[in-house]
Participant: 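Sharing a structure here in structure tokens format.
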Amino acid sequence: MLLRQFASREFLTFLVVGVVNTLFGTAIMLVLYNVFGCSYWVSSFCDYFFGSILSYFLNKHFTFHYQGTDWRSIVKFALNIVVCYLIAYSLALPLTRAALESLQLSKPVVENVAMLVGTVLFMVINYLGQKFYAFKSH
């Protein structure tokens, strides 16, 4: 049953939308971190703040075909994004540090890898949150 869900057209559309959002957000995040010297947290937050605005409209219309226009869907979507962000990026940095510890890489390299790991974690849990919480059909 779960495998069928991940092979559905909805999930594939979510992946395409996710690629667009990920490219958009990752560009913002890496430029802020590597060019402007913003911190790991500020850079990754901006990634998902701006990427989430794009994600809301694309997923609402193309992935989940959600017809609701009330403030509840916006609030639920925003809450989902915050929770997913905190989970993904709180786990990404310590997991990446632990995995790369023996390589003795510089802090910026580890944090760049952690931001990419966080992006993947975020995408997975965000799909579940949007499907079963933010855009859940009543």
Participant: Determine the minimum heavy-atom distance between Ala88 and Gly118, stating which atoms define it.
Facilitator: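 So the minimum-distance heavy-atom pair works out to CB-O, 3.6 Å.
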Participant: Is there any side-chain hydrogen bond (donor to acceptor under 3.5 Å, both in side chains) pair reaching into residues 11-22, and which pairs are they, with sequence neighbours excluded?
Facilitator: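 Residue pairs with at least one partner in residues 11-22: Asn21-Ser55.
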Participant: Sequence neighbours excluded, which residues qualify as side chain to side chain contact (heavy atoms under 4.5 Å, CB included) partners of Val113?
Facilitator: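 Per chain and number, Val113 pairs via side chain to side chain contact (heavy atoms under 4.5 Å, CB included) with Thr96, Leu100, Val117.
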Participant: Can you list the other members of the hydrophobic cluster that holds Leu23, where links are side-chain heavy atoms under 4.5 angstrom apart?
Facilitator: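 For the cluster that includes Leu23, the remaining residues are Val19.
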Participant: Would Leu116 and Leu93 show up in the same hydrophobic cluster when neighbours are defined by side-chain heavy atoms closer than 4.5 Å?
Facilitator: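 No, because Leu116 and Leu93 fall into different hydrophobic clusters, even though each may have its own neighbours under 4.5 Å.
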Participant: When Ile, Leu, Val, Met, Phe, Trp and Tyr are grouped by side-chain heavy atoms lying under 4.5 Å apart, directly or through other members, which residues fall in the same group as Val124?
Facilitator: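 Val124 clusters with nothing; isolated.
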Participant: Checking Asp47 now: which residues fulfil side-chain hydrogen bond (donor to acceptor under 3.5 Å, both in side chains) with it, not counting sequence neighbours?
Facilitator: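 side-chain hydrogen bond (donor to acceptor under 3.5 Å, both in side chains) check on Asp47 returns nothing, list empty.
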Participant: Share the residues that join Val16 in a hydrophobic cluster, the rule being Ile, Leu, Val, Met, Phe, Trp or Tyr side chains under 4.5 Å apart at the heavy-atom level.
Facilitator: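 Answer for Val16: none, a lone residue.
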Participant: Let me see the working for Ser90 and Trp41 under side chain to side chain contact (heavy atoms under 4.5 Å, CB included), right down to the final yes or no.
Facilitator: CA-CA 10 Å; Ser90 293; Trp41 288 101; 3.9 Å; yes
Participant: Determine yes or no for a side-chain-to-main-chain donor-acceptor pair under 3.5 angstrom, with Asn126 supplying the side chain and Phe122 the backbone.
Facilitator: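 No: the side chain of Asn126 does not pair with the backbone of Phe122.
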Participant: Of all residues at least two apart in sequence or in a different chain, which pass the side chain to side chain contact (heavy atoms under 4.5 Å, CB included) check with Ser43?
Facilitator: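 With sequence neighbours excluded, Ser43 shows a side chain to side chain contact (heavy atoms under 4.5 Å, CB included) to Met29, Leu32, Tyr33, Cys38, Met115, given in chain and number order.
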Participant: What pairs of residues pass the side-chain hydrogen bond (donor to acceptor under 3.5 Å, both in side chains) test when at least one of them lies in residues 115-124, not counting sequence neighbours?
Facilitator: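 Counting only pairs at least two positions apart or across chains, the side-chain hydrogen bond (donor to acceptor under 3.5 Å, both in side chains) contacts touching residues 115-124 are Tyr89-Thr119.
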Participant: What residues, two or more places apart in sequence or in another chain, satisfy ring pair (Phe, Tyr, Trp, His ring centres under 6.0 Å) together with Phe14?
Facilitator: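 Partners of Phe14 by the ring pair (Phe, Tyr, Trp, His ring centres under 6.0 Å) criterion, ordered by chain and then number, come out as Tyr127.
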Participant: Asn112 side chain to Pro108 main-chain N or O, any donor-acceptor pair under 3.5 Å?
Facilitator: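 Flag set: sc Asn112 to bb Pro108 pair under 3.5 Å.
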Participant: State, yes or no, whether a side-chain contact exists between Ile125 and Leu121 at a heavy-atom distance under 4.5 Å.
Facilitator: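 When only atoms from C-beta onward are counted, Leu121 and Ile125 do not touch, as no gap falls below 4.5 Å.
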Participant: Ser52: what forms a side-chain hydrogen bond (donor to acceptor under 3.5 Å, both in side chains) with it, not counting sequence neighbours?
Facilitator: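 Residues passing side-chain hydrogen bond (donor to acceptor under 3.5 Å, both in side chains) with Ser52: none at all.
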Participant: Taking CZ in Phe62 as the centre, count heavy atoms belonging to other residues, nucleotides or ligands within less than 6.0 Å. Is the count above 12?
Facilitator: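 Count not over threshold, so no.
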Participant: Going by side chain to side chain contact (heavy atoms under 4.5 Å, CB included), name the residues that satisfy it together with Leu95, two or more places apart in sequence or in a different chain.
Facilitator: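 Expected list: Leu91.
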Participant: When you group the ILVMFWY residues by side-chain heavy-atom contacts below 4.5 Å and let the links chain together, are Met123 and Leu12 in the same group?
Facilitator: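 Result: yes, single cluster for both.
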Participant: Under the rule for side chain to side chain contact (heavy atoms under 4.5 Å, CB included), what residues qualify as partners of Val20, not counting sequence neighbours?
Facilitator: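 Scan of Val20 (side chain to side chain contact (heavy atoms under 4.5 Å, CB included), adjacent residues dropped) gives Leu54, Leu58.
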